[in-house]
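The structure appears below as structure tokens.
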Amino acid sequence: MITATFDAGTFLVDHFRTPTAVLAAAKQRNVRVPEYDTVRKWFNRAAIPSEWLPVLLMFREMETGDPVRISTYMQVEGREIDIFS
């Protein structure tokens, strides 16, 4: 059995750099997100609550006009993979 995981820490750094940038993206779109300390914990723990991942993906898509390529952040047994190839 193959176990795939999402590298949330790399995603956060690549697309937002800091918790402040997440809060700024939310404010720009009038979306209420958790407090700064909660978002900071996402960065520290390299984990995004499942209900917030699609919101962050939407922020990036709205900013760049292109969807985020999720496969870039997928890992299987410590290896990066493209699950679509």
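What's counted below: heavy atoms across the whole structure, side chains too, no hydrogens, waters or symmetry copies.
Listed here is the closest heavy atom pair of V55 and E51: CG2-O, 3.8 Å. Looking at every heavy atom in both residues, V13 comes nearest to F43 through N-CE2, 4.3 Å. Looking at every heavy atom in both residues, P19 comes nearest to R40 through CG-CA, 3.6 Å. Residues A8 and A46 come closest through the heavy atom pair CB-O, 3.5 Å. Across all their heavy atoms, V33 and A26 have their closest contact at CG1-CB, 3.5 Å.
In E35, the CD atom is not crowded: 12 or fewer heavy atoms of neighbouring residues, nucleotides or ligands sit closer than 6.0 Å.
When atom types are taken as modelled, the side chain of R60 and the backbone of L56 share no donor-acceptor pair closer than 3.5 angstrom.
Atoms CD and CZ, from Q28 and F59 in turn, are 9.0 Å apart once rounded to the nearest 0.5 Å. A distance of 10.0 Å separates OG1 in T10 from NE2 in H15, rounded to the nearest 0.5 Å. Atom OG1 of T38 and atom CH2 of W52 lie 10.5 Å apart (nearest 0.5 Å). Taking CD of E63 as the reference point, atom CZ of R29 lies at 6.0 Å (rounded to 0.5 Å). Note that CG of L53 and CD1 of I70 are 6.0 Å apart. Values are rounded to the nearest 0.5 Å.
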Step by step, work out the side-chain contact (heavy atoms from CB on, under 4.5 Å) result for Y36 and K41. CA-CA 9 Å; Y36 175 86; K41 289 175 187 174; over 6 Å; no
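In this structure, the side chains of D14 and V68 stay at 4.5 Å or more apart for every pair of heavy atoms.
Note on ring orientation: taking the six-membered ring where Trp is involved, the planes of F11 and F6 are tilted (angle from 30° to 60°).
Of the options D7, I48, V39, a side-chain contact (heavy atoms from CB on, under 4.5 Å) to L12 is made by I48 and by none of the others.
Annotation: side-chain hydrogen bond (donor to acceptor under 3.5 Å, both in side chains) contacts of E61 (sequence neighbours excluded): none.
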